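Note that this is a predicted model, so its numbers are computed, not measured. Naming convention: chains lettered A, B, ... in sequence-line order (proteins, then strands); numbering from 1 in each chain.
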Amino acid sequence: MQCFQNGSEIEITGVAEFDLARTFECGQCFRWNADAGGAYVGVAMGRATRIRKDGGSFYLVGTLEDFEGIWRSYFDLDRDYKAIRCALCIDDYMMEAAKYGAGIRILRQDKWEALCSFILSQCNNIPRIKQIIEMLCRLYGEPVEFEGLTYYTFPSAEKLASQSAEDLMPLRCGYRAPYILEAARTVAGGLLDLEALSAGKAGDALTALKELNGIGDKVANCVILFGLHMLDTFPVDTWIRKAISENYGKSFDPSVFGAYAGLAQQYIFHYARNGKKAV
DNA sequence: AAACAGGCCTAAA
DNA sequence: TTTAGGCCTGTT
């Protein structure tokens, strides 16, 4: 991979296995949106940016400093996804799913944002999750100007912790409101240290996260995979449960996918939702 | 109109 | 240890 300033953009060359649409729309993140030209505009890590692909290069709006300090890690650009994808093709079904999802990368998202977002995701569809999160950011995030428009960062746990249940009414997020308030107050108060969890074991993180009201196995594992970036974690939701039972039966152990079970999960999820049905 | 959405919690077998 | 119902809200 090589990168260099090219006008207002950073041009990135030599990156394989990076499909913008699949990566942003496979359900792991909620704040990236396609424009008419196929570029994606998003807000993450306190920054707004645009990324597009043209020819063999990617072009990201921003400084070289931000690219090296934030985006290179955020897009997980130093990992060999092609090799991982090939290793995950352990049978016919996985060959189909991985082929269909080739180019998905697991983003290294902000931990608190992942925690809050996946609490809001429960029993909700993606358009509404995105709508709720945008409202949350507009109300309590910090404004950032980008290309003449105002965007809003994801609010800090501290900022959210100082709100009341009534303050969250405009979100229309229903019974999830007290869940995100409790999470915000626990994180802001230092009782849940997401940085420390990311340095420990996934099992310990699971236990700690599930102590919060409104967080069960599914949400906790999504936080561990997408927020703590522990790529061997395999969240099981209704889509995954259905796909697994149809293709592998009841006694299935995701550890067969090894250290990158989380990427296998994304391939299966994306394929089950958008691709064909079971073989 | 009733059922369902990328769950979770509680109560009851 | 497993199962059923309820939960906010919005869409089909």
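- To the nearest whole angstrom, the two P atoms, one in B:dC9 and one in C:dG10, are 23 Å apart.
- Nucleotides B:dA5 and C:dT2 place their C1' atoms 23 Å apart, quoted to the nearest Å.
- Summarising the geometry, the separation between OH on A:Y179 and P on C:dC7 is reported as 12 Å, rounded to the nearest angstrom.
- Distance, A:I240 CD1 to B:dG6 P: 13 Å, rounded to whole Å.
- Between the P atoms of C:dT1 and B:dG6, the separation comes to 30 Å (whole Å).
- Using a 4.0 Å heavy-atom distance criterion, A:G27 is classed as a base contact.
- With 3.5 Å as the limit, one finds a donor-acceptor pair spanning the side chains of A:E145 and A:T150.
- Taking atom OH of A:Y175 as the reference point, atom C1' of C:dC7 lies 6 Å away to the nearest angstrom.
- Side-chain atoms of A:K218 come within donor-acceptor range of the base of B:dG6, with a qualifying N/O pair under 3.5 Å.
- Nearest-nucleotide positions on DNA chain B place A:I129 closer to the 5' end than the other of A:I129 and A:K210.
- Between A:R176 and A:Q131, the one whose closest nucleotide on DNA chain C sits nearer the 5' end is A:R176.
- Between the P atom of C:dT11 and the CZ atom of A:R128 lies a distance of 8 Å, rounded to the nearest Å.
- Between the CZ atom of A:F234 and the P atom of B:dG6 there is a distance of 17 Å, given to the nearest Å.
- Counting non-hydrogen atoms under 4.0 angstrom, A:L212 reaches the backbone sugars and phosphates but no base.
- For C:dG10, one of the phosphate oxygens OP1 or OP2 lies less than 4.0 angstrom from a side-chain nitrogen or oxygen of A:R172.
- For the pair A:I126 CD1 and B:dG6 C1', the interatomic distance rounds to 7 Å; values are reported in whole Å.
- Rounded to whole angstrom, the span from the CG atom of A:N213 across to the P atom of B:dG7 amounts to 17 Å.
- Salt bridge annotation for A:D204-A:K201: absent, with no cationic side-chain nitrogen under 4.0 angstrom from a carboxylate oxygen.
- Regarding A:R241, its CZ atom lies at a distance of 13 Å from the C1' atom of C:dT2, rounded to whole Å.
- Taking the six-membered ring where the residue is Trp, A:F234 and A:F252 present tilted rings, their angle falling between 30° and 60°.
- The pair A:K130-A:E134 fails the salt-bridge criterion, with no side-chain N (NZ, NE, NH1 or NH2) lying under 4.0 Å from an Asp/Glu carboxylate O.
- The base-pairing partner of B:dG6, taking Watson-Crick or G-U wobble contacts with both distances under 3.5 Å, does not exist among the strands shown.
- In this structure, C:dC8 forms no base pair with any nucleotide, since neither Watson-Crick nor G-U wobble geometry is met with both distances under 3.5 Å.
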Exercise for the section: Walk me through it: do A:E9 and A:R52 pass the test salt bridge (Lys or Arg N to Asp or Glu O under 4.0 Å)? Expected result: CA-CA 10 Å; A:E9 298 173 311; A:R52 65 190 175 91; 2.9 Å; yes
